[in-house]
Peer 1: 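Encoded as structure tokens, here's the structure I'll be asking about.
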Amino acid sequence: MALSGVRVLELAGLAPAPLCAMILADFGARVVRVDRVPRSAVAADAQGRGKRSLALDLKRAAGAAALRRLCRAADVLVEPFRHGVMEKLGLGPEVLLEENPRLIYARLTGFGQTGKYAKSAGHDINFLALSGVLSKLGRKDENPYAPLNLLADFAGGGVLCAMGIIIALYERTRSGKGQIIDASMVEGTAYLSSFLWKSQNLGLWNRPRGENLLDSGAPFYETYRTSDGKYMAVGAIEPQFYEQLIKGLGLDSDKLPSQLSFSDWPRMKKMFASIFAQKTQEEWCSIFDGADACVTPVLSFDDAVSHQHNKQRGSFIKNDQEEISPRPAPLLSRTPAVPSFKRDPFIGEHTEEILLEYGFSKEEIAKLHSENVIEFSKPKANL
């Protein structure tokens with residue numbers, strides 16, 4: 001795979017850092033998740049695919065020293081803590097990069113390493129709010145609405161941090177040097193919204209929230225309930241697609257207002273809604289599947305897995321525990337991702353194996369274990 005041979009240490013955290021490291025693992029990196037001791041101190045990582053787990057107490061001097069030793073042989077460190085936490089542990093980038101100048105030190109936080117909020121707590125909705133993007137999300141006359149925690153945590157955080165790591169690894173092939181990545185979820189989310197910023201003068205967003213082309217204002221960019229309680233998604237922006245939508249709904253475009261007549265949009269939405277409510281989702285699919293109307297069913301997770309298009313592409317995979325998840329994307333023609341089909345690791349499951357691999361002796365491992373600096377997933381470890 002593309003990242004074969006790349007050694008990654010991921011300090012256990014919540015949503016974005018686990019996704020970042022899972023992306024690297026899916027494309028071939030050897031990812032070690034450094035879990036906290038005691039185990040109850042950290043929530044389970046639902047994105048542990050392809051990773052191994054080492055349980056290590058970084059608050060103990062011996063634990064911090066062990067991580068420093070691991071970092072000397074690693075290519076990438078991903079840490080998700082607020083500004084200053086790693087420095088207090090003696091594990092800041094100035095220490096680790098001095099010992100390993102080739103290390104890519106990725107710092108993934110909500111607010112970044114500098115600025116007023118650098119040491120403040122926050123979650124996806126807070127980062128989304130500070131980026132300006134949240135102000136654009138929501139329907140007319142309703143409060144702004146955060147789309148789960150997909151935008152800031154995963155897109156602006158995990159994905160962009162992974163991209164930064166890949167860029168730094170590529171640059172290292174020329175310079176031979178590592179560097180620090182300051183991945184702020186606020187800035188990552190803002191960067192994702194570059195189109196919104198750079199298209200402000202085009203008239204796409206000059207109306208109040210929920211009254212614009214892409215924010216549920218337009219009748220041709222909306223979801224509609226069907227007679228069986230399901231939904232259809234309509235994205236018929238271009239005139240030729242809009243014409244196919246009108247035809248599929250059984251309407252005559254000559255008898256309707258202009259597509260871009262803003263004042264008629266509320267009335268048109270009600271008309272479209274009443275028509276969609278007359279048929280089941282399956283019936284609407286039979287009408288629109290063969291037409292270029294940009295109309296598709298809103299699928300549940302179960303329906304997405306069984307949908308013909310996704311099945312033909314193998315878009316979802318099942319591990320040895322029968323758990324279903326999306327296949328890694330994008331597809332590479334020569335070196336595609338080969339995701340692990342094993343269950344996610346237990347906390348501390350690979351502690352001994354990893355330490356041996358990184359040059360620790362069995363005696364050193366036994367000492368760390370006796371001092372409760374490390375943990376194993378099983379009470380009895382074969383030392």
Side-chain angles (χ1 to χ4, degrees), residues 128 132-148 150-151 155 189 192-301 303-304 307-310 313 315:
L128 197 59
V133 176
L134 185 56
S135 70
K136 300 291 185 183
L137 306 178
R139 294 184 176 276
K140 181 180 179 180
D141 298 326
E142 294 184 8
N143 294 351
Y145 179 77
L148 304 176
L150 290 173
L151 270 183
T189 305
L192 287 173
S193 70
S194 293
F195 170 74
L196 307 186
W197 288 87
K198 296 176 73 65
S199 64
Q200 291 183 90
N201 295 329
L202 299 181
L204 295 175
W205 317 107
N206 57 358
R207 300 170 66 84
R209 182 177 61 251
E211 297 182 26
N212 298 281
L213 184 70
L214 302 177
D215 63 3
S216 79
F220 49 85
Y221 204 87
E222 178 62 287
T223 57
Y224 293 99
R225 187 180 176 91
T226 57
S227 64
D228 54 346
K230 298 182 180 181
Y231 296 88
M232 297 297 290
V234 176
I237 299 175
E238 292 81 358
Q240 66 272 27
F241 303 146
Y242 182 72
E243 184 61 34
Q244 290 298 310
L245 166 66
I246 296 302
K247 181 179 178 181
L249 292 176
L251 298 171
D252 184 349
S253 58
D254 292 334
K255 298 179 181 179
L256 297 175
S258 166
Q259 179 184 358
L260 296 181
S261 176
F262 298 116
S263 61
D264 289 301
W265 278 3
R267 181 171 66 87
M268 294 297 291
K269 286 181 72 170
K270 290 181 179 178
M271 180 189 300
F272 288 3
S274 67
I275 296 173
F276 272 108
Q278 295 171 16
K279 290 182 172 63
T280 66
Q281 186 187 73
E282 185 176 354
E283 288 173 327
W284 285 119
C285 286
S286 67
I287 291 173
F288 285 110
D289 270 0
D292 263 344
C294 299
V295 178
T296 51
V298 177
L299 301 178
S300 67
F301 274 18
D303 290 340
H307 191 275
Q308 185 179 11
H309 175 81
N310 294 333
R313 286 185 57 82
S315 300

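All values below come from the heavy atoms of this structure, side chains included, with hydrogens, waters and symmetry mates left out.
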Peer 1: Check the pair Lys269, Tyr224 against side-chain contact (heavy atoms from CB on, under 4.5 Å), reporting the backbone distance first and the verdict last.
Peer 2: CA-CA 9 Å; Lys269 286 181 72 170; Tyr224 293 99; 3.9 Å; yes
Peer 1: Could you tell me whether a side-chain N or O of Gln281 sits under 3.5 Å from a main-chain N or O of Val298, the two making a donor and an acceptor?
Peer 2: yes
Peer 1: Are the side chain of Asp264 and the backbone N or O of Ser258 linked by a donor-acceptor pair below 3.5 Å?
Peer 2: no
Peer 1: Of all heavy-atom pairs between Phe241 and Cys294, which one has the smallest distance, and what is that distance?
Peer 2: CD1-SG, 3.6 Å
Peer 1: Which atom names give the shortest non-hydrogen contact between Thr226 and Lys279, and what distance separates them?
Peer 2: CB-O, 3.3 Å
Peer 1: Can I get a per-line list of side-chain donor-acceptor pairs under 3.5 Å for residues 250-257, giving both atom names and the distance, sequence neighbours left out?
Peer 2:
from	atom 1	to	atom 2	distance (Å)
Asp252	OD1	Asp254	N	3.0
Ser253	OG	Glu243	OE1	3.2
Ser253	OG	Glu243	OE2	3.4

Peer 1: Does atom CD (Gln240) have a neighbourhood of more than 12 heavy atoms from anything else shown, all under 6.0 Å?
Peer 2: yes
Peer 1: Got a second to check how far Gln308's CD is from Cys285's SG, nearest 0.5 Å?
Peer 2: 11.5 Å
Peer 1: Could you tell me whether Arg313 atom CZ has more than 12 heavy atoms of other residues or ligands within 6.0 Å of it?
Peer 2: no
Peer 1: What are the two closest non-hydrogen atoms of Leu196 and Lys136, and how far apart are they?
Peer 2: CD1-CG, 4.4 Å
Peer 1: Out of curiosity, Asn212 CG to Lys140 NZ, how far, rounded to the nearest 0.5 Å?
Peer 2: 11.0 Å
Peer 1: Which distance, rounded to the nearest 0.5 Å, do you find between the CD of Glu222 and the CE of Met268?
Peer 2: 13.0 Å
Peer 1: Between Arg209 and Asn143, is there a donor-acceptor pair closer than 3.5 Å when you use the side chain of the first and the backbone of the second?
Peer 2: no
Peer 1: Quick one: do Leu128 and Leu137 satisfy side-chain contact (heavy atoms from CB on, under 4.5 Å)? Show the steps, please.
Peer 2: CA-CA 10 Å; Leu128 197 59; Leu137 306 178; 4.2 Å; yes
Peer 1: Could you report the tightest heavy-atom contact between Pro208 and Asp215, atom names first, then the distance?
Peer 2: O-OD2, 4.1 Å
Peer 1: Just wondering, are more than 12 heavy atoms of other shown residues or ligands nearer than 6.0 Å to CG in Asp292?
Peer 2: no
Peer 1: Can you tell me how far the CD atom of Gln244 sits from the CD1 atom of Ile287, to the nearest 0.5 Å?
Peer 2: 12.5 Å
Peer 1: How far apart are the closest heavy atoms of Trp284 and Phe276, and which atoms are they?
Peer 2: NE1-O, 2.9 Å
Peer 1: Can any side-chain N or O of Glu211 pair as donor or acceptor with the backbone N or O of Gly217 at less than 3.5 Å?
Peer 2: no
Peer 1: Search all heavy atoms of Gln259 against all heavy atoms of Ile237 and return the closest pair with its distance.
Peer 2: NE2-O, 2.7 Å
Peer 1: Determine whether a donor-acceptor pair (N or O, by modelled atom type, separation under 3.5 Å) exists between the side chain of Asp228 and the backbone of Thr280.
Peer 2: no
Peer 1: Would you please test Phe220 and Leu213 for side-chain contact (heavy atoms from CB on, under 4.5 Å) and show each step?
Peer 2: CA-CA 9 Å; Phe220 49 85; Leu213 184 70; 3.3 Å; yes
Peer 1: State, yes or no, whether a side-chain contact exists between Lys230 and Pro297 at a heavy-atom distance under 4.5 Å.
Peer 2: no
Peer 1: Determine whether Leu134 and Tyr145 make a side-chain contact, defined as any pair of heavy atoms from C-beta on separated by less than 4.5 Å.
Peer 2: no
Peer 1: Is the count of non-hydrogen atoms from other residues, nucleotides or ligands lying under 6.0 Å from Glu283 atom CD greater than 12?
Peer 2: yes
Peer 1: Assign the ring pair Tyr242 / Phe272 to parallel, tilted or perpendicular, where the plane angle (0 to 90°) is split at 30° and 60°.
Peer 2: tilted
